[in-house]
Number of protein chains: 2
Amino acid sequence: MSFPETFKALADPVRREILIMLKQGKMSAGEIGQAFDMTGATISYHLSQLKKAKLVIESKQKNFVYYELNASVFEEIVLWLAQFGGNNNEK
Amino acid sequence: MSFPETFKALADPVRREILIMLKQGKMSAGEIGQAFDMTGATISYHLSQLKKAKLVIESKQKNFVYYELNASVFEEIVLWLAQFGGNNNEK
DNA sequence: ATTCTATTTAGACTTTATTCTAAATAGATG
DNA sequence: CATCTATTTAGAATAAAGTCTAAATAGAAT
């Protein structure tokens, strides 16, 4: 895993919104794009950043490209952040 | 807390390195700067970004400005990330 | 009060990111 | 195979981030 890539990917609000959408499950690039007022090319760019950071996994079916969360990478980020004391689970 | 600010702050490798240094405890801007091959002005810029994101807290003493980690904000980020399944603690 | 030390601010420059339009690809359908 | 649909790639334009030098601030020391 590469933290530079991962944090840069998480730094953009559009990409964070995409990740939240993907909690519902697998979605195609087109479906994702409909939620934003941007061209498909731009969405494709953001998806490529998320993919590069391994935050999402892609799969192809017919002429659709589906994206889904890659939970394991999130765990690694959580572990990295925990070193700063974010793991004190007192209220 | 503002996630845009926070993730943007974490996206830069210099700033992540500063945070790791601060695990050792409070350090002055000058001490932090010595660890990097950059001008004090640039370090000051990075510290301001970390401060804006509330990842660090500053305090003044004599003519030194000290920085230290703000653990509570890290916890909030961990919680945000946990929604993506980063909390499955199986090996 | 003048000077010294530590840090920040201002402004310019450079690099990196984001976005668009237009063209390219790739697979599906008629 | 010609065309349609979904997505990506290329290239240009704009915007944002990072870095520097020089100047400003603020407090400490003489």
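Below, read A as the first sequence line, B as the second, and so on, with proteins coming before strands; counting in each chain starts at 1.
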Take the protein atom [atom1] of [X] and the nucleotide atom [atom2] of [N], then report the distance between them rounded to whole Å.
X: Lys52(B); N: dT8(C); atom1: NZ; atom2: P; answer: 15 Å
X: Glu58(B); N: dA6(C); atom1: CD; atom2: P; answer: 17 Å
X: Leu47(B); N: dT19(D); atom1: CG; atom2: P; answer: 12 Å
X: Leu50(B); N: dG18(D); atom1: CG; atom2: P; answer: 10 Å
X: Phe36(B); N: dG18(D); atom1: CZ; atom2: P; answer: 13 Å
X: Gln34(A); N: dA6(D); atom1: CD; atom2: C1'; answer: 12 Å

Side-chain heavy-atom pair [X], [Y] within 4.5 angstrom cut-off:
X: Val78(A); Y: Leu81(B); result: yes
X: Thr6(B); Y: Trp80(B); result: no
X: Tyr67(B); Y: Leu47(B); result: yes

Subject >> Partner residues of Asp12(B) under the side chain to side chain donor-acceptor pair (under 3.5 Å) criterion, sequence neighbours left out >> reply: none
Subject >> Those residues that, when tested against Lys60(A), pass side chain to side chain donor-acceptor pair (under 3.5 Å) (two or more places apart) >> reply: none
Subject >> DNA chain C-proximal residues of residues 22-31 of chain B, any heavy atom under 4.0 Å >> reply: Ser28(B), Ala29(B), Gly30(B)
**OP:** Would you mind building the protein contact string for nucleotides 14-25 of chain C? One character per nucleotide, 5' to 3', B for base within reach (heavy atoms under 4.0 Å), S for sugar-phosphate only, - for untouched.
**Re:** ---SBBBB----
Subject >> Under 4.5 Å side-chain linkage, directly or through intermediates, the cluster mates of Phe64(A) >> reply: Tyr66(A)
**OP:** Report the hydrophobic cluster partners of Leu79(A), with the cluster defined as I, L, V, M, F, W, Y residues connected by side-chain heavy atoms closer than 4.5 angstrom, directly or transitively.
**Re:** none
With a 3.5 Å cut-off and sequence neighbours excluded, list the donor-acceptor pairs that the side chains of residues 14-27 of chain A form with protein atoms.
| from | atom 1 | to | atom 2 | distance (Å) |
| --- | --- | --- | --- | --- |
| Arg15(A) | NE | Ala9(A) | O | 2.8 |
| Arg15(A) | NH1 | His46(A) | ND1 | 3.1 |
| Arg15(A) | NH2 | Lys8(A) | O | 3.0 |
| Arg16(A) | NH1 | Leu10(A) | O | 2.7 |
| Arg16(A) | NH1 | Ala11(A) | O | 3.2 |
| Lys23(A) | NZ | Gln83(B) | OE1 | 2.7 |

Original post:
What is the ring orientation for Phe74(A) with Phe84(B), classed by angle as parallel under 30°, tilted 30 to 60°, or perpendicular over 60°?
Top reply: parallel
Identify all side-chain donor-acceptor contacts of residues 31-39 of chain B below 3.5 Å with residues at least two apart in sequence or on another chain.
| from | atom 1 | to | atom 2 | distance (Å) |
| --- | --- | --- | --- | --- |
| Glu31(B) | OE1 | Ser28(B) | N | 2.8 |
| Glu31(B) | OE1 | Ser28(B) | OG | 3.3 |
| Thr39(B) | OG1 | Thr42(B) | N | 3.2 |
| Thr39(B) | OG1 | Thr42(B) | OG1 | 3.1 |

Original post:
Going by heavy atoms closer than 4.0 Å, what residues in residues 59-68 of chain A are next to DNA chain D?
Top reply: Asn63(A), Phe64(A), Val65(A), Tyr67(A)
**OP:** Measure the OG-NZ distance between Ser2(A) and Lys52(A) for me, rounded to the nearest 0.5 Å.
**Re:** 9.0 Å
